[in-house]
Amino acid sequence: MFSKLKRLKESLAKTRDSLLGKISQIVGGRKLDDDLIDEIEEILLKADLGVAATDKIIQRLRKNASENNISDSDAVYSLLKGEITGILSRQKAAVISAEGAKPVVWLITGVNGTGKTTTVGKLAHYFKSNNKNVMIAACDTFRAAAVEQLAIWAERSGVAFMKAQSGADPASVAFDAAISAKAKNIDYLLIDTAGRLHTKANLMEELKKIRRVTEKVIPPEQILSKLIIDGTTGQNALSQVKVFTEAVGCDGLIITKLDGTARGGIMVAIAEELSVPVDFIGIGEKIDDLQVFEAESFVEALFEG
Amino acid sequence: MFGELIDKFDDIFRTLRGSGKLSEKNIKDSLREVRRALLEADVNYKVVKDFIAHVETEAVGEKVLKSIEPGQQLVKVVHDELVRLLGEKAESMTPATKFPTIYMLCGLQGSGKTTLSGKLALLNKRKNKKVLLVAADIYRPAAVKQLKILADSIGVEVFQMENTKPPVICEEAKRHAEKNFFDLMIIDTAGRLHIDEELMIELDDIKAGVAPDELILVADSMTGQDAVNLADKFHQRLKLTGVALTKLDGDARGGAAISIRAVTGCPIKLVSVGEKLSDLEVFHPDRMASRILGMGDIVGLVEKAQGAVDLKEAAKIEEKLKKQSFTLEDFYDQLQQIKKMGPLESILGMIPGVGKALKGVQIDEKGMGRVEAMIQSMTLEERRNPNIIDGSRKLRIASGSGNSVQNVNLLLKQFFAMQKMFKNMGKMKIKGLPKGAFPFQMNI
């Protein structure tokens, strides 16, 4: 646990240096006044929290501070920290479900270039290291060489792999994989889908079909839709979550590419406005650079040096 | 693209437009809304701040307050300032005129470099250029394979080397391109973080080795506030010659475009608007600003139409319209021309006001296919004189085209309505529409 926190802190160091970390510099030894509020607002906005979530957080911060007669800046700081931690830990479910009916299907969705295929590779490794039987189904039959890319990941983590010919109907691959996973006593079936912009109705229909067809083999409650969000994404992520949820549901998010300078503040906006939990965060290119999301340590890593 | 931002401005300015009186206060209120809209569009915080400050001094001045139509004037100030931020005029890529001209693409993971490489290759191949794609992404599994498949699909050669560092691959590729008289060489580099020192040095080395004519940063239009950081880092390090914005066919408000341009001063040279390899456009700052403000993109529409519509055909149709002898056969020809202009969604988005009216409406491209199928199932006689289509003919057309009789009825009903409309139109002059380019409305 300790080393895990350390790794996370290292990965987020850039973020901390450049942004939210500044909050502690700003609030140190100052009174809570309009200037301070403006500066906090600037920092939250620059971290991609968005106008709506920032407004709400600041409103609550003001209210909370006046109700409890807090004007000391250090207290404001921990108040803010508590507020953001609170928002991020509202929805939380175990990543590995309790022993139950098998297989559990993770339907991995998202717009183009968020890192779905890489994440599926890392997820396979994660479940495998937790002694689960894993199968990957390569349903991205659109992007050139996507299947080959995933095959390499499957080999690296040594899990079962189901693929189709390029250009085949992705739903049929999912169907075959579901049957095979059932027969082979697989615990987790990871379905990698093609990247699609949520504004393309026909592609969203294709995604619905993948889910529908999988439900013919596996009960709906065992199928979890997981949406991959690029951590550098701005406010458009909200729209992505809404539309993907409408199409195939959304049981959890995986936020990728948090090892850059992007703040991932969009996570807070999503949690605040749409109440979808974050399962994992991706913090690097290596196979084990995927961490179960923990609000406390994440905010801790963001705020402290 | 930029759709939601347009809506915001629409709402703000609708209240402003009509209003005869503008005070400093309601200018301030409006600008607060503008600020919010821009921030929600992911325009960088600092850029927004400067933008608002600038517009405010312009707007609160005599010019706006005392003008006859202050609302219009404020809209103009905001528009002009947006154009200024987006870079005044369109800048295009250096054409491939020597052996070889070199484009180098770089950017974060997943921004769309490989797809863009393919699009640029296709664009230049269509101009009869000999194009070489260089696979310099040796890290991501199957990246080289992806490029090869793309290249095969458009018939372009790929240069690749096993177990070699990217800078060496690129230098070898240049030698190969020189020897074999390639007009254009496009280097597809691996995605990397701007803070990954090792990989950034690799880009330095590639640049030093091949001296590219264009060094393009490929950026995802959905990027948030961080767009500024990454663009700035890439620019400081590599002295970019331009930026390409990808995935603009989504509903991202695209504030990244404004931020990147404002902070780095690098022109946005390309925008990528679809999954097909032909979906690539030149970035026009003035048109984009007009789109943001909901003024539509008539120039773009006319250009598209000119590219696709056969002028002789158009003149013929116009003649027919006047004589009221427009038939289903002509209608079918027109459908083919519209199809050449690209996806309906993007065409309609260019018409002023339509963007908003069509919000949430999914254009059914299949509908057009259905209409086509129905007309194809008609005899020539029926196409020329739809009045003869009776019940049994309808049944035949329906089963021949895999449609219901209701659909056939609907098509005929709309066609006759259209004929009637043209009859009336023949009597008046239509302003603003490109000749013969877009006379139809379809509801199937």
Side-chain angles (χ1 to χ4, degrees), chain A residues 14 18-19 41-43 45-52 54-55 111-118 121 142-153 156 166 195-203 230-237 239-240 243 256-257 259-266 285, chain B residues 3-4 35-37 39-46 48-49 108-112 114-115 118 139-150 152-153 191 193-196 220-227 229-230 233 246-247 249-256 275 345 362-366:
Chain A
K14 294 290 186 306
S18 57
L19 270 145
E41 185 197 29
E42 173 177 350
I43 286 158
L45 285 173
K46 276 190 179 170
D48 283 323
L49 265 79
V51 184
T54 299
D55 283 356
V111 301
N112 314 67
T114 52
K116 282 176 297 302
T117 305
T118 305
F142 181 78
R143 179 164 63 90
V147 174
E148 285 85 347
Q149 186 185 348
L150 197 54
I152 295 170
W153 279 108
R156 280 183 195 169
S166 168
R196 64 201 74 224
L197 287 175
H198 49 293
T199 49
K200 310 266 175 189
N202 53 341
L203 295 181
D230 183 329
T232 57
T233 310
Q235 302 310 303
N236 190 249
S239 170
Q240 292 172 23
V243 181
T256 59
K257 305 186 199 173
D259 45 338
T261 50
R263 303 72 157 173
I266 191 63
E285 299 216 290
Chain B
E4 293 178 47
R35 171 183 183 268
R36 198 185 167 93
L39 280 171
E40 280 177 1
D42 293 321
V43 180
N44 180 262
Y45 181 86
K46 214 180 140 290
V48 173
K49 215 170 153 183
L108 300 189
Q109 291 92 341
S111 53
T114 305
T115 306
Y139 308 101
R140 182 162 61 90
V144 176
K145 181 96 191 274
Q146 185 186 353
L147 192 65
K148 277 190 84 165
I149 294 173
L150 273 182
D152 282 350
S153 75
L193 285 168
H194 46 293
I195 50 168
D196 187 329
D220 187 326
S221 60
M222 295 180 278
T223 312
Q225 297 283 320
D226 198 44
N229 288 338
L230 75 96
K233 286 264 162 54
T246 58
K247 307 178 204 173
D249 44 338
D251 61 352
R253 299 179 204 168
E275 301 221 343
E345 250 172 285
Q362 285 296 335
I363 307 291
D364 185 7
E365 298 270 350
K366 277 189 197 149

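Here the closest non-hydrogen pair linking B:Gln146 and A:Ala144 is CG-O, 3.0 Å. Considering every non-hydrogen atom in both B:Leu39 and A:Val51, the closest pair reads CB-CG2, 3.6 Å. When all heavy atoms are compared, the tightest approach of A:Leu45 to B:Arg35 is CD1-NH2, 4.1 Å.
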Stepwise side chain to side chain contact (heavy atoms under 4.5 Å, CB included) test for A:Gln240 and B:Met222: CA-CA 10 Å; A:Gln240 292 172 23; B:Met222 295 180 278; 3.3 Å; yes
Side chain to side chain contact (heavy atoms under 4.5 Å, CB included) between A:Ile152 and B:Arg140, intermediate numbers included: CA-CA 10 Å; A:Ile152 295 170; B:Arg140 182 162 61 90; over 6 Å; no
Verdict with supporting geometry, A:Lys257 and B:Asp226, salt bridge (charged side-chain N to carboxylate O under 4.0 Å, His left out): CA-CA 12 Å; A:Lys257 305 186 199 173; B:Asp226 198 44; over 6 Å; no
side-chain hydrogen bond (donor to acceptor under 3.5 Å, both in side chains) evaluation trace for A:Glu285 with B:Gln109: CA-CA 10 Å; A:Glu285 299 216 290; B:Gln109 291 92 341; 3.0 Å; yes
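Side-chain N or O atoms of B:Lys247 include one that pairs as donor or acceptor with a backbone N or O of A:Asn112 at under 3.5 Å. Remark: the backbone N or O of B:Gln225 is paired with a side-chain donor or acceptor of A:Asp48 at under 3.5 angstrom.
With chain B as the partner, the residue from A:Gly195, A:Gly113, A:Ala151, A:Gly265 showing the most heavy-atom pairs under 4.5 Å is A:Gly113. Between chain B and the residues A:Leu150, A:Leu197, A:Thr117, A:Val243, the most heavy-atom pairs under 4.5 angstrom are made by A:Leu197. Heavy-atom pairs under 4.5 Å with chain A peak, among B:Ala227, B:Gly110, B:Pro141, at B:Pro141. The greatest number of non-hydrogen atom pairs below 4.5 Å with chain A, out of B:Gly112, B:Ala142, B:Gly118, is found for B:Ala142. Interface check for chain B: of the options A:Val111, A:Thr233, A:Thr118, the most heavy-atom pairs under 4.5 Å are formed by A:Thr233. Across A:Thr232, A:Thr256, A:Thr114, A:Asp230, the residue that shares the most heavy-atom pairs under 4.5 angstrom with chain B is A:Thr232.
For A:Glu41, there are no side chain to side chain donor-acceptor pair (under 3.5 Å) partners, not counting sequence neighbours.
Residue A:Arg143 holds its CZ atom at 8.0 Å from OG1 of B:Thr115, rounded to the nearest 0.5 Å.
When heavy atoms are compared at a cutoff of 4.5 Å, B:Leu147 does not approach chain A at all.
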